Amino acid sequence: MDLLTYTPQAKFAQQHLLCLQDYTPDEILQILSLAAKLKLQRRLGMDQTHVLAGKNIAMIFSKPSMRTRVSFEAGIEQLGGHALFISDAEIGLGTRESVHDVANVLSRFVDGIMIRTFRQSDVEGLAKYGHIPVINGLTDDYHPCQVLADMLTLYEHKGRLAGAKLAFVGDGNNMANSLMIICSKLGVDVSIATPADYAPQEKYVVWARRNAVASGAKVTITTSLEEALAGADAVYTDVWASMGMEAEAEKRARDFAAYQVNARVMSLAKPDAIFMHCLPAHRGSEVTDEVMDGAQSVVFDEAENRLHAQKAVLAMLMGKL
Ligand code: CP
């Protein structure tokens with residue numbers, strides 16, 4: 001399968017990007033294919049400003065961000081649109097004003113919403129009560145934009161998705177959930193290695209196993225690094241204490257110590273395995289400098305691909321192609 005020449009199997013029917021479990025494999029591949037094309041066009045210096053010409057997109061942040069904010073803002077500008085940054089300290093989503101009312105008011109002003117927040121229910125509420133596309137820029141449950149960029153990166157480095165194997169090491173968090181979902185949809189074998197008390201929630205494992213029946217992927221949940229990394233084409237990790245869990249950081253540092261991705265752990269995967277991290281990384285905790293800065297690391301390619309993947313999402317949901 002060549003992403004640049006991928007032929008859609010069906011019309012793209014999604015109105016929002018809330019959770020990739022709502023998407024078919026074909027819809028995910030349509031986004032990845034467009035992302036690859038937009039990336040190539042940008043490299044060739046082609047103008048893309050017709051795609052979102054005249055469109056305003058509100059970007060709401062209740063949590064800190066560097067990559068998500070900058071890549072969305074730059075991407076919207078490259079597509080000819082205008083991005084408005086709004087801190088949730090101003091909106092007070094669900095406190096100063098109800099999700100229902102915020103959704104209705106923003107729908108009168110702008111053409112789309114990208115939101116980073118804690119509760120997935122708030123993102124779903126904006127989509128339910130508003131009349132414009134809503135994009136999930138990370139919640140406590142999912143990080144769909146990140147894993148779209150990750151699949152583009154895996155494809156670029158390994159030349160395939162279906163049949164490849166990705167091993168996630170660390171906390172069974174929103175990244176683990178989203179990676180399980182997208183990998184199992186696309187036929188990428190996915191193994192999640194966590195300490196016993198930090199496995200992903202059963203609901204997401206059930207979804208992934210169901211997706212895998214259709215795609216042929218293998219889903220493994222384990223505490224064993226050796227089992228997870230055997231035959232892996234990609235080794236992925238994330239911080240041990242996600243945003244909002246700072247009070248647990250010391251306990252987590254003890255609980256996750258054996259799950260640090262270092263040169264020994266990388267050697268458990270294929271010799272040409274790539275190292276992936278959504279960033280920001282806590283060097284010396286979940287990953288060592290030698291791995292972050294080593295020849296197998298593709299972490300900055302992943303960061304760049306946030307731009308291209310999100311431009312594709314914006315174009316599919318609210319753009320003119
Ligand atoms: N990976 C990611 O979402 O980065 P930011 O938190 O900087 O947006």
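Here the structure is a predicted model, which means the values were calculated and not measured. Start at 1 and go down the list; that is how both ligands and their atoms are numbered.
- Side-chain atoms of Gln48 and Arg42 include no donor-acceptor pair closer than 3.5 Å.
- Defined by atom type and a distance below 3.5 Å, a donor-acceptor pair is missing between the side-chain atoms of His16 and Glu124.
- Screening residues 62-80 for salt bridge (Lys or Arg N to Asp or Glu O under 4.0 Å), with sequence neighbours left out, gives Lys63-Asp140, Arg69-Glu73.
- Under 4.0 Å from any atom of ligand 1, one finds heavy atoms of residues Ser65, Met66, Arg67, Thr68, Arg116, His143, Gln146, Cys278, Leu279, Arg306.
- Closest heavy-atom contact between Leu126 and Val99: N-CG1, 3.6 Å.
- Classification of the Tyr204-Tyr142 ring pair by plane angle, with boundaries at 30° and 60°, yields perpendicular.
- A donor and an acceptor atom, one from each side chain of Asp255 and Tyr198, are located under 3.5 Å apart.
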